[in-house]
Undergrad: 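Starting off with a structure, shown below.
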2 protein chains.
Amino acid sequence: MTIKIGIVGYGNLGKGVETELKLNPDMELLGIFSRRNPAQVASESAVYHLDDIQQFKDKIDVLVLCGGSRSDIPEQAPELQKDFTTVNSYDNHGEIPAHFDSINEVALANNNVGVIATGWDPGLFSLNRLVAEAVLPNGNTYTFWGKGVSQGHSDAIRRVDGVKMGVQYTIPNDELISQIKDGKDVSYTKTSSHKRVCYVVADEGADQEAITQSISTMKDYFEGYETEVHFIDEAEFKQQHTGMPHGGRVIRRGYTDDENMAVYEFNLELESNPQFTAAAAIAYARAAHRLDKEGNYGAKSVFDIAPAYLSPKSGEELRRELL
Amino acid sequence: MTIKIGIVGYGNLGKGVETELKLNPDMELLGIFSRRNPAQVASESAVYHLDDIQQFKDKIDVLVLCGGSRSDIPEQAPELQKDFTTVNSYDNHGEIPAHFDSINEVALANNNVGVIATGWDPGLFSLNRLVAEAVLPNGNTYTFWGKGVSQGHSDAIRRVDGVKMGVQYTIPNDELISQIKDGKDVSYTKTSSHKRVCYVVADEGADQEAITQSISTMKDYFEGYETEVHFIDEAEFKQQHTGMPHGGRVIRRGYTDDENMAVYEFNLELESNPQFTAAAAIAYARAAHRLDKEGNYGAKSVFDIAPAYLSPKSGEELRRELL
């Protein structure tokens with residue numbers, strides 16, 4: 001029997017889940033639930049209005065919540081958790097502990113499972129930060145992001161006066177990465193660890209110098225970072241800069257005694273950030289369904305789930321093929 | 001209360017566990033158990049004869065089995081499992097499924113836990129092979145080992161006539177690794193993926209050409225591989241080639257749709273292979289103790305253990321600091 005999946009929200013992530021489900025024959029997409037008029041949602045899958053989701057209470061095994069972390073997930077997740085086992089990719093790191101607690105309460109009260117903060121960061125990066133620290137207690141962990149498109153920073157530059165189109169790439173400091181792996185003393189700060197490279201299509205007649213100045217000095221986003229602003233034309237933008245690549249790495253440099261260094265590194269290079277995030281959410285949806293069937297209710301994070309639950313293979317197959 | 005640990009076997013791995021335990025304040029070494037006369041085992045820790053281990057049945061929480069995989073573990077593990085929760089680093093991949101079953105039977109009959117095949121391969125590499133495949137079902141996984149010392153191959157060259165000292169480094173094929181990550185078609189075979197580099201101190205008057213010939217054509221070990229044999233003098237050998245570095249990487253190249261590639265990579269660079277293997281076994285010993293306290297008995301592998309169990313931190317701390 002296939003695992004019946006519902007998708008809530010049909011932005012980049014929701015579309016990613018729809019795409020990735022086709023690669024997982026043990027799963028079946030029952031429907032996409034949107035706040036928009038279903039007739040206006042362009043998908044080959046069944047689309048329903050989110051208001052009608054209650055009717056699917058007994059038909060759906062796991063809901064994958066694909067709304068945004070800023071307002072959608074905090075609002076929708078606790079409400080939907082009452083009737084469904086859910087998985088989300090909530091990525092507001094500072095609010096994750098409170099989000100876990102709120103989902104845990106509803107999930108325990110309603111005998112279902114809520115897996116929060118899947119994806120890659122939070123998600124697989126978190127998993128590696130934990131394993132690395134547990135195995136190498138004497139050491140330091142460094143997380144680097146990119147090369148990749150930061151949605152938040154791209155949105156920010158598009159709000160600058162005179163900017164018609166814009167995208168921001170986060171670029172990790174490769175020299176710092178080499179120094180860490182070579183065992184050198186490093187000063188890893190938020191601003192020294194990454195550089196920010198922007199490609200901008202300016203409005204006709206706009207003051208490019210003023211745009212560069214506005215971007216480079218933008219608080220919380222660019223100030224303090226090494227920032228490059230490149231002006232290009234619309235044709236180049238559309239050809240080169242509409243993808244959503246991302247990735248990054250978690251490095252822990254530890255010492256197993258006074259002399260011996262150990263470098264633990266986890267690295268992702270993704271041509272499509274939303275598709276990979278979706279793919280991770282799907283693996284955790286499989287786990288959520290198993291936990292639910294076992295009656296192991298409540299909120300869970302990637303920390304609480306045995307890896308075997310992510311795979312469609314049996315324990316015997318896994319030991320034979322992958323151990 | 002600290003977790004009370006016993007070490008069985010005092011070779012490189014047992015010494016590694018003794019060293020790494022000092023980095024884990026939630027654990028305490030109760031004693032080393034050896035088949036040798038305890039008076040002749042040079043350690044600052046308490047050493048007992050393995051025959052006396054029964055007396056520690058109620059004092060030790062977890063035994064870390066550090067004997068060899070060829071004969072020690074298959075013999076000792078099922079026997080010791082009767083009285084103890086155990087962790088081992090059994091690394092005979094082909095025999096792991098049967099080993100799991102034999103430990104599972106004894107552990108279930110005696111209400112304890114046996115975590116098998118910890119370390120890095122099997123162990124953390126296996127974990128990553130599983131997660132990578134679950135998240136990227138459309139793809140291929142490649143494992144590379146090295147640069148590092150292969151104990152088995154070093155033993156093999158030391159058995160060649162005229163060889164006084166010898167060490168073998170396994171070197172991964174970096175070009176093949178680049179091709180995989182660049183999305184190129186590759187032919188990954190056992191022999192194309194690694195090269196074998198040997199450093200040999202020859203007996204005085206020995207025929208170096210004959211030694212090179214014997215090594216390069218040795219079945220199961222070198223035949224078919226690109227093999228280099230370098231002759232050096234004893235002083236250089238002692239200075240440069242007595243360490244036990246190792247490492248390697250697991251790469252999965254997957255496709256999240258017809259166009260978008262995703263590269264998942266896990267990479268270890270270890271200056272001391274036995275110390276890192278010991279460090280991983282210790283994290284799994286912590287997990288074994290928790291499973292035991294929960295009454296979750298039986299054999300387990302890295303696939304069956306939720307990552308949170310590896311860390312001394314609480315779920316709340318982990319979510320706040322690492323998620």
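From a predicted model like this one, the values you see are computed outputs, not experimental measurements. Side chains are part of it too, since the values below use all heavy atoms of this structure and drop only hydrogens, waters and symmetry mates.
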Undergrad: With a 4.5 angstrom heavy-atom cut-off, is it the side chain or the backbone of Phe100(A) that approaches chain B, or both, or neither?
TA: side chain
Undergrad: May I ask you to name which of Gly254(A), Ala283(A), Ala279(A) has the most heavy-atom pairs under 4.5 Å with chain B?
TA: Ala279(A)
Undergrad: Checking heavy atoms, do the side chain of Ile282(B), its backbone, both or neither come under 4.5 Å from chain A?
TA: neither
Undergrad: Looking at Lys313(B), Arg286(B), Lys22(B), Lys300(B), which makes the most heavy-atom pairs under 4.5 Å with chain A?
TA: Lys313(B)
Undergrad: Can you tell me how far apart CG (Leu268(A)) and CZ (Phe266(B)) are? Round to the nearest 0.5 Å.
TA: 12.5 Å
Undergrad: With a 4.5 angstrom heavy-atom cut-off, could you sort out which part of Tyr255(B) is near chain A: side chain, backbone, both or neither?
TA: backbone
Undergrad: Against chain A, label Leu136(B) side chain, backbone, both or neither, depending on which of its atoms sit under 4.5 Å from a heavy atom there.
TA: side chain
Undergrad: What part of Ser272(A) is in contact with chain B, defined as an atom under 4.5 angstrom from a non-hydrogen atom: side chain, backbone, both or neither?
TA: both
Undergrad: Heavy-atom distance under 4.5 Å to chain A: side chain of Val250(B), backbone, both or neither?
TA: neither
Undergrad: Below 4.5 Å from any heavy atom of chain A, which atoms of Ile96(B) appear? Answer side chain, backbone, both or neither.
TA: side chain
Undergrad: Report yes if the side chains of Pro137(A) and Asn24(B) come closer than 4.5 Å at any heavy-atom pair, otherwise no.
TA: yes
Undergrad: Calculate, to the nearest 0.5 Å, the distance between atoms CG and CE belonging to Asn260(B) and Met244(A) respectively.
TA: 8.5 Å
Undergrad: Step by step, would you call Trp120(A) with Val135(B) a side chain to side chain contact (heavy atoms under 4.5 Å, CB included)?
TA: CA-CA 10 Å; Trp120(A) 58 276; Val135(B) 173; over 6 Å; no
Undergrad: At a 4.5 Å cut-off on heavy atoms, which part of Leu270(A) comes close to chain B: side chain, backbone, both, or neither?
TA: both
Undergrad: What residue, out of Ser126(A), Pro307(A), Ala134(A), has the most heavy-atom pairs lying under 4.5 Å from chain B?
TA: Pro307(A)
Undergrad: I'd like to know which of Leu23(B), Asn267(B), Ile251(B) tops the heavy-atom pair count under 4.5 Å against chain A.
TA: Asn267(B)
Undergrad: Pick from Asp121(B), Asp257(B), Asn138(B): which one has the most heavy-atom pairs with chain A under 4.5 Å?
TA: Asp257(B)
Undergrad: Identify which part of Leu124(A) has an atom lying under 4.5 Å from any heavy atom of chain B, answering side chain, backbone, both or neither.
TA: side chain
Undergrad: With a 4.5 angstrom heavy-atom cut-off, could you sort out which part of Thr19(B) is near chain A: side chain, backbone, both or neither?
TA: side chain
Undergrad: Using a cut-off of under 4.5 Å for heavy-atom pairs, which of Thr141(B), Ile305(B), Val302(B) has the most such pairs with chain A?
TA: Ile305(B)
Undergrad: Would you say Leu323(B) and Leu130(A) make side-chain contact, with heavy atoms under 4.5 Å?
TA: no
Undergrad: Is it the backbone or the side chain of Ser311(B) that comes under 4.5 Å from a heavy atom of chain A, or both, or neither?
TA: both
Undergrad: Would you mind telling me which of Glu316(B), Glu269(B), Arg319(B) has the largest number of heavy-atom pairs within less than 4.5 Å of chain A?
TA: Arg319(B)
